[in-house]
Amino acid sequence: IRAAGRVYFGMSGTNFVVQYNQVCLYNSSVSNYTFELILTPGGAWYYQYLNMGIGGGTLTSSTIGMENVGASIGLGITHNAAYVHNNLAVLIANDVTWLSESPISGSVNPGDSVKVAVTFNSTGLPSGVSYRGSLSITSNDPATPTKLVPVRLDVGPLSVGDTKSGVPATFELSQNYPNPFNPTTRIEFALPTESSIRLRVYNILGQEVVTLANEQRPAGYFNVEWNGRDASGRSISSGIYFYKLEATATSGAQSFSTMKKMLLVK
């Protein structure tokens with residue numbers, strides 16, 4: 001790696017994040033790369049590729065994966081194949097928690113069939129993210145011993161008919177949707193009691209861009225829409241931004257503060 005770019009690391013909740021900004025590779029003809037690695041307590045790895053030096057399409061001459069320091073043990077996702085592109089997220093985990101099937105095994109007589117229930121579960125998954133995988137069906141069929149069925153789960157916001165109601169049990173700040181976005185995104189949060197709240201957006205330098213809410217609100221579920229403009233009404237540039245919710249209960253018994261990241265792509 002040539003001397004260029006910056007590397008940041010730190011904790012985001014319980015996750016450890018390493019972010020590479022404008023890092024150059026040995027090939028000077030390749031534009032700078034910006035990407036990050038997220039390590040979770042459960043052992044899952046997230047790779048998020050914001051900018052891979054291309055204006056469009058996919059990279060076709062790169063190896064994506066992970067390996068140990070000595071490069072003797074590794075897990076490759078792809079090698080010299082059209083796979084990686086800007087704004088790609090890759091999850092490496094021991095198990096696919098969002099997909100299950102039943103039954104997982106059985107016998108089928110020649111010419112017969114059996115129904116298999118496939119269940120998609122988005123509980124706990126961030127809104128605005130797509131998950132892809134494959135169902136592997138193996139059998140003693142000599143013609144097709146293995147059949148891969150591609151599957152995809154797109155996690156979106158609640159529809160109007162599914163709007164949350166009532167009083168939440170805890171303070172919550174949800175992932176904005178869509179994310180990445182252009183030019184508008186929605187931020188949802190929950191208040192278990194009447195609170196004074198302040199919702200603000202910051203740039204990657206920690207500078208405040210705009211205040212989206214600064215008021216008293218009752219207990220309940222709320223959402224605020226942001227149009228990608230700063231406090232002066234000017235359209236902001238593409239990049240990584242952060243939104244922070246601060247809430248203090250009117251009674252003074254509870255307080256809450258948390259921050260999440262979002263991506264504006266134009």
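Everything quoted here is computed from the prediction, not taken from an experiment.
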Partner of Y20 under ring pair (Phe, Tyr, Trp, His ring centres under 6.0 Å), picked from F35, Y33, Y49, is F35
Ignoring hydrogens, what is the shortest heavy-atom contact between [X] and [Y]? Give both atom names and the distance.
X    : Y    : answer
E101 : L135 : OE1-CD2, 3.6 Å
N21  : Q19  : OD1-NE2, 2.9 Å
L212 : I187 : CD1-CD1, 3.9 Å

Is there side-chain contact between [X] and [Y], with heavy atoms separated by less than 4.5 Å?
X    : Y    : value
F9   : V17  : no
L37  : L39  : yes
V151 : F120 : yes
P218 : L191 : no
T185 : P178 : yes
V209 : R200 : no
F171 : P192 : yes
Y47  : I38  : no

Measure the [atom1]-[atom2] distance between [X] and [Y] for me, rounded to the nearest 0.5 Å.
X    : Y    : atom1 : atom2 : answer
S235 : L264 : OG    : CG    : 7.0 Å
I137 : L148 : CD1   : CG    : 8.5 Å
N176 : E225 : CG    : CD    : 11.5 Å
K147 : S139 : NZ    : OG    : 11.5 Å
I240 : L50  : CD1   : CG    : 5.5 Å
E188 : L173 : CD    : CG    : 10.0 Å

Can you hop from [X] to [Y] via hydrophobic side chains spaced under 4.5 Å?
X    : Y    : answer
L263 : Y177 : no
F16  : W45  : yes
M262 : V265 : no
V149 : L99  : yes
M259 : L205 : yes

Carefully, step by step, assess K261 and Y241 under the rule side-chain contact (heavy atoms from CB on, under 4.5 Å).
CA-CA 6 Å; K261 181 175 63 176; Y241 293 87; over 6 Å; no
Determine yes or no for a side-chain-to-main-chain donor-acceptor pair under 3.5 angstrom, with [X] supplying the side chain and [Y] the backbone.
X    : Y    : answer
N203 : G206 : yes
T250 : E194 : yes
S195 : T193 : yes

Please tell me whether Y243 and W226 form a close aromatic pair, meaning their ring centres lie under 6.0 Å apart.
no
Is it true that Y202 and F242 have ring centroids separated by less than 6.0 Å?
no
Can you name the residues that form a salt bridge (charged side-chain N to carboxylate O under 4.0 Å, His left out) with R198, not counting sequence neighbours?
E246
Non-neighbouring partners of D141 that pass salt bridge (charged side-chain N to carboxylate O under 4.0 Å, His left out), sequence neighbours left out
none
What's the verdict on side-chain contact (heavy atoms from CB on, under 4.5 Å) for V7 and E36, showing C-alpha distance, side-chain angles and the deciding distance?
CA-CA 9 Å; V7 180; E36 68 180 10; over 6 Å; no
Residues F222, V224; criterion side-chain contact (heavy atoms from CB on, under 4.5 Å); working and verdict:
CA-CA 7 Å; F222 305 93; V224 175; 5.8 Å; no
Criterion side-chain contact (heavy atoms from CB on, under 4.5 Å) on T211 and L199, from CA distance to verdict
CA-CA 6 Å; T211 297; L199 181 62; over 6 Å; no
